[in-house]
Structure formats: structure tokens, C-alpha cells
Asks: 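Quick one: the structure is below, and I'll ask about it shortly.
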Amino acid sequence: MQLIPLGPPALLGLFREVLESSLVERGVAQGLELLGHADEFWRAVPLAELQRMAQGGNAAAQAELAWRSAVGEGLPKSVVDAVNWATQSAEKKSPAGEAVLGWLLYHGMGLPKDYAEAARLFAHAADAADSRGMTWFALCLLRGHGVDADVTRGSELLYKSAEQGSPLAQYWLGRLLYLGQYLPRDFAQAVRWLTLASEHTSGRAGRAADLLARCHFFGRGVDENRGEAVRLWRMAALDDIAPAMFSLGLCLYAGEGTSVNHAEAVTWFRAAARKRVSGAMFLLGQCTTFGFGVTPDPAVGLAWYRRAAERGNREAEFELAEAYAAGRAHLERDLEEAVCWWRAAARQGHARAQLKLGHCYRWGEGIEENKRLALAWYRRAADGGEISAHVWLGECHEHGEGITADPVAARHCYLEAAAAGDPHGRAELGRCSLYGIGGQVDVARGEAALKQAAENGWQPALDELERYWFAEGERHFHGHGAVADAARARLCYRKAGELGHRRAAYMLAECLRHGLGGAAEPAQALTWYHRAATLFDAKLALADLYYNGEGVVLNYREAFRWFEQAVAQHEDAYALYSLGYCLLHGQGVRRDARLALRHLRRAAVLGEVNAQYELGLAYYRGAGLGKNLRLAMKWLRMAASQGHDEARAFLERIGRGQNLN
């Protein structure tokens, strides 16, 4: 699972994406709601009194009752009642009734949708100076709904209504100025009109406060003041404005403009989720999964992710895909389902999902392998700001996956990633410099790039560098593709060994021990053998050094310890012989003839001639067990046949009848 970080950049990005998208008037060509309310007087009239007045034939009361019935304010929502009361009011030529009836026609509520008739009724109400009629007719003129578009006339009418004190017009004027929709964007003027609208008690106050909070939060048209933004969002949230509920929850979640309060944040996220705000559902998934303000429950968190994903929230789609890919929260691992959700998020521009989808196509995980599609998704991810996608693009160019191999293009991709601060990209760029991929060889630059990548957290960079220096050492040591040069090999082995390459450390120790490529340095050899001591060869070499006192004070006990470790790691004839010899003669360990002979016998079977000789002597002399001349002669003759001079001499003395016990 990926936890959205609480840092300001991530928070600002989330605010901008969610808040700005909620402002875009989706589908205005088909007509978005033109919400508004009657004058303050009628808003304050109690319902029972309003009904009495409407039934008595008061046209203004009938208009107000029609509006309350349409939006369900103070009584059950009823489109039939709204049409009935609005029609009665309009028939009496009430501007307010005509405006409400026009609103119902505009939205096709209880009546067939008819922009032209709605605009006619709005115009008639506007001519009578009805504030709602003026505002709604202005919006029709701006949008060209039911009347020819006339931005100049529409804006003049909207300004006129706003200046006359209509909170509905003030809200819409502030909103359009904020968006720069139909009118030039002007945040300062937007703040002015939204402030006026938010100070009224009309139905627009909450929505105006929500927009005004955004101005204060981002410092648009007013000095940035996130504390004031929180206050305004709280006011709007209490007025049941869904985006404000979500925004308030975000501030409480991240501690912006207020102290962190995850429990209250969860409360507001739940409220917004009930109003189908997918972002709130997603963050409820985050809070529930990680235990912010609520008891952690990954299964419940996953359920919230699913609800948000089903409503098209791309972050939730990505998290759901991750859950299926990893088999989290009691889900069975299902890469095919993961691919479906990654694709859904990728189609909405989620760069990380695009990268994951590219991986799936590249390696055929959860979907049929398709290198070309992998390349295409990597490109989209890179274009969408996913820095690491440049690295994978580079790999495709380098190895010719989904495209003709092009080392130069590959190197350019790695450079793009490195320039953006990606350590993996810097490591790949360093590798290109080392080997001359897509450009000139530059070992110093390549080495520096790989070390920097490792310092920035990409540890495989050091693995690449140590492999390079070891390969260079081997090349110069054995003369593969270069003139044999033990001194150069010794230098390369040292570089690789200093980076942790154990085989290079062992080879450097061998050079130092035997004077290859420079003077012999037994003490230094001992140090490097210790650094390579996880290798069997290094263990055996250490045992020999301690046994012979080479570069160190002779120490049979330490020699025995290393022989013992070598045998435990690998059944080697020489190691078995050496261990058996120490046990047989009590060197560095208490003498144990039976165990010694077991090791010597195994070494002898593996062809170790010295073990054959020692085993023959032991059987001949009865060392630790009864004599056995037949076995003694068998092993002595076997050693002699392999050229062991002492075994041959011993057999000759036996032949002359000498007593050799």
C-alpha cells in the first residue's frame, strides 16, 4: 500500500487536483444546476405560514414553496408540488414564480427540459428586476442556453444583479471570475464577490465560503491564510457542502491551517463519502488501512479503496491494483485483476500505474507479453512525470525491446532520469560510461556516477562497479582481450575488493601472498583473505597461513579452526587431509585418531596423495587403532603410484626388511 505523504508538496498537489476538478462545470452544454434561493424575507418565513399564504393565493409565497419543494428544504422533496406551485405563481405573472418555473424547465424536473422556454421565463423575471431571474438569465446568455450567447450582455446583467445585493449573483460572479470562465480570470475580484456572498444567509453562502476558502488556502487574490481557509471550509461543511467537508478533512489530516486531528478528519471524510466524494472514500481507505484516527483494519480499508475506485478515483484504482498484485488484505494474488485496475488508473493519467502496466506488458505478467505496448506505456509514464520510467525506456532502447536497439537513445533516457535526480538512472548512466554504451568510455565519470547513485540509495550501483573492476582485474590477470598485466590486475582487484567484491579480495590476497604484480606482502595478504573469508578458497588460504606462520605468528589452533570451517563448507580433498593431519598429530586440537582417520580416508578416496600416505603409515604403525598391513600396503602403494616420493621410499625400506615402527 502507498501512504500519501503529509508533506506540503504532496498536499498542495492533492488539493489542487481535487478542488480544481470539482470546479469545472462538467457538461455545461447540457445544463448544470443553476442553484439559487428566494429573497431573504421569504427564506425566513416558517413553513406552516408559507403554506397558508400559498394556499391563500399569494404568488410570492407560492414561488417560495415551489422552490422549497424542488430542493427538499424543510419538507420532503416533491417535483410534482414544485411544478404545481411554480405554475400557479407564474400564471399570476409573479417574477419569482416565473424564475422557479424556468429553473424546473431548465433541468427537466417534472417537465420536459426546455432551455428556450426557461430562458424566456428568466428574461421576463429579469425585466421585473427579480434577482434570481436576472442571475439565471445572465448565465443563459453566457452559456448560450435557450438564447443566443451574448457574453457582454450576460456579464453586465450578472454584475448588475450582484451590485444590487443578490447573493446568488455575487456567488456566480465570484465563481466565474475565479475560474476565468466567460469572464477574464481575476482572483482579487473573485474574493470580493465571494466574500459578500458568504456573508449572506442564503443557500449560496456555503458554496461561496468553499470557493473563498480556496482563495485563502492558495493565496489567490488575497494573502495566503490557511487558518482562515479552515474556518471558511468548516462553515461551508456545516452547510452540507461536500467539497468543503473533504477539504476540511484534508486540512485536519495533514495539519494545514490547524492542528493534526485524524479522528475529526475521518469524521469529515465519512460525511463527504456519504455525498459520493471519491477522494474522501480513498482517504478513508488510507486512514483505515494505516490506523489514522481509527482502528487499523486493512480489509475495511480495501473496501473503501474499492468504493472509490468504482467511482473512478485513480489513486484508489492504483491501490486496489497493488492489493491484488501482492495479495493483501485477505485477497488472493491475482495479477490479471491487478492489470485491470492498473489500466483503469493509467487511462486517467496515473503515471505510476502506467509504469506498472508497462512492466506487465514487458514481462507478460497478468497479460500477454507485448514489448511494443510496454514501450508505449513507459513513454506515457515518463511524459506524466514518473522519473523512473525513463530508466525502463532506456533499457528497452538498449536491448531492442519493442524497438530497434539504439544505445545512444538509451543513454539519453538514462541521462533524463539522472538529471531529474533518480539514482537508478544515474547508475545506468555510469554503467554506460564504464563500458562505452551509446558514447565514449569514461571510466572516471562512470565510477563517480555509480558511487553517487549508491550514496543516494541505489545500492546495486556498487555491485555494478565492483563487477566492472573484478572483470577488469580478470582480463588483465589472464590476458583476455588485453596484454597480461599482473600489476594492473592487482590494482583492479583492490578497487573491486574495497567495494566488497569477495572474489576480488581473494585474488588480491593471492597477488600479495605470491608477489604477483608487485612485492609479496604476506601480512596484507592475511587482511584481504579475512575480507574474503566467506569463500572456501579464502578459508583454506587462511588455514595455511596460520599453519605455516606466513605473514602471521604460527598458530595451529587458528589453522585448525579455518581447516574445520573449510571442510564444513566444501568436501575438498586437501582440506580433509589437513584437518585429519591436525587431528592425528594433535596440532591445534586434542589428538583424535579415529576422527583423523575418517577425514584422511575420505581425502584419500578423493585422490589426495598425502592423505593416502598418512593413512598407509597409520595402518602400518597402528596409530590409534590396530595394525592392518594389508590396508597399509594398499594406501602406500597408491600414494607411490602417484609419485609420492616418501611413500616410495617407505615401501623400499619395507622391502629391505627394515623395522619402520
Asks: In terms of side-chain geometry, is the basic nitrogen of Arg328 or Glu319 positioned less than 4.0 Å from the acidic oxygen of its partner?
Replies: no
Asks: Is there a donor-acceptor contact under 3.5 Å from the side chain of Ser161 to the main chain of Leu157?
Replies: no
Asks: Between the side chains of Gln354 and Trp342, is a donor N or O closer than 3.5 angstrom to an acceptor N or O?
Replies: no
Asks: Quick one: list whatever passes side chain to side chain contact (heavy atoms under 4.5 Å, CB included) with Ala265, sequence neighbours left out.
Replies: Leu252, Tyr253, Phe269
Asks: Between Arg379 and Asp383, does at least one N-O distance fall below 4.0 Å, as a salt bridge requires?
Replies: no
Asks: Ignoring hydrogens and angles, state whether a donor on the side chain of Gln62 or Asn58 is under 3.5 Å from an acceptor on the partner side chain.
Replies: no
Asks: What closest approach, in Å, do Ala381 and Ala351 show between heavy atoms, and which atom pair accounts for it?
Replies: CB-O, 3.5 Å
Asks: For the backbone of Gly219 and the side chain of Glu224, can you confirm whether one donor and one acceptor N or O come within less than 3.5 Å of each other?
Replies: no
Asks: Inspect the contact between Lys356 and Glu322 and indicate whether a charged nitrogen and a carboxylate oxygen are less than 4.0 angstrom apart.
Replies: yes
Asks: Return yes if some donor-acceptor pair links the side-chain N/O of Gln348 with the main-chain N/O of Gly312 below 3.5 Å, else return no.
Replies: yes
Asks: Output all residues satisfying side chain to side chain contact (heavy atoms under 4.5 Å, CB included) with Gln189, sequence neighbours left out; order by chain, then residue number.
Replies: Leu177, Asp186, Arg192, Trp193
Asks: Could you tell me whether a side-chain N or O of Arg362 sits under 3.5 Å from a main-chain N or O of Asn370, the two making a donor and an acceptor?
Replies: no
Asks: Salt bridge (charged side-chain N to carboxylate O under 4.0 Å, His left out) between Glu310 and Arg307: does it pass, once the steps are laid out?
Replies: CA-CA 5 Å; Glu310 288 170 350; Arg307 286 183 63 182; over 6 Å; no
Asks: Heavy-atom count around Glu336 CD within 6.0 Å, excluding the residue itself: above 12?
Replies: no
Asks: If we ignore hydrogens and angles and just use 3.5 Å, is the side chain of Thr267 paired with the main-chain N or O of Ala263 as donor and acceptor?
Replies: yes
Asks: Donor-acceptor pair, distance only, cut-off 3.5 Å: does the side chain of Ser198 make one with the backbone of Ala209?
Replies: no
Asks: Tell me if a side-chain donor or acceptor on Asp130 pairs with a main-chain N or O of Ala125 at a distance below 3.5 Å.
Replies: no
Asks: Which salt bridge (Lys or Arg N to Asp or Glu O under 4.0 Å) pairs, counting each pair once, include a residue from residues 92-112, with sequence neighbours left out?
Replies: none
Asks: Quick one, Arg270 and Met245 - any side-chain contact, counting heavy atoms below 4.5 Å?
Replies: no
Asks: What pair of heavy atoms forms the shortest contact from Ala61 to Ala54, and how long is it?
Replies: CB-N, 3.8 Å
Asks: Report, as yes or no, whether the 6.0 Å neighbourhood of atom NE2 on His359 holds more than 12 heavy atoms from other residues, nucleotides or ligands.
Replies: yes
Asks: Could you go step by step and tell me if Glu49 and Arg52 meet the salt bridge (charged side-chain N to carboxylate O under 4.0 Å, His left out) rule?
Replies: CA-CA 5 Å; Glu49 180 64 17; Arg52 185 188 67 77; 2.4 Å; yes
Asks: Donor-acceptor pair, Ser89 side chain versus Trp85 backbone, under 3.5 Å?
Replies: no
Asks: Run the salt bridge (charged side-chain N to carboxylate O under 4.0 Å, His left out) test on Asp239 and Arg207 for me, step by step, so that the C-alpha distance in whole Å, both residues' side-chain angles and the decisive distance to 0.1 Å come before the verdict.
Replies: CA-CA 8 Å; Asp239 203 22; Arg207 294 182 183 276; over 6 Å; no
Asks: Given Trp136 and Tyr106, is the ring pair (Phe, Tyr, Trp, His ring centres under 6.0 Å) satisfied, shown in steps?
Replies: CA-CA 10 Å; Trp136 290 338; Tyr106 187 96; 8.8 Å; no
Asks: Does Glu156 come within less than 4.0 Å of Lys160, counting only side-chain N to carboxylate O?
Replies: no
Asks: Check whether Phe218 forms a cation-pi arrangement with Arg220 (NZ or CZ under 6.0 Å from the six-membered ring centre, at most 45° off the ring normal).
Replies: yes
Asks: Taking all non-hydrogen atoms of both residues into account, name the closest pair between Ala323 and Leu331 and its distance.
Replies: CB-CD1, 4.0 Å
Asks: When you measure from the centre of the six-membered ring of Trp172, is the NZ or CZ of Arg143 under 6.0 Å away and within 45° of the axis?
Replies: yes
Asks: Examine distances only and state if a side-chain atom of Ser155 and a backbone atom of Thr152 form a donor-acceptor pair shorter than 3.5 Å.
Replies: yes
Asks: Could you check whether any side-chain N or O of Thr135 sits under 3.5 Å from a backbone N or O of Ser131, counting only pairs where one atom can act as donor and the other as acceptor?
Replies: yes
Asks: Salt bridge between Arg226 and Glu228, side-chain N to carboxylate O under 4.0 Å?
Replies: no
Asks: Do you know which of Phe318, Trp304, Phe246, Tyr305 makes ring-ring contact (aromatic ring centres under 6.0 Å, His included) with Phe282?
Replies: Tyr305
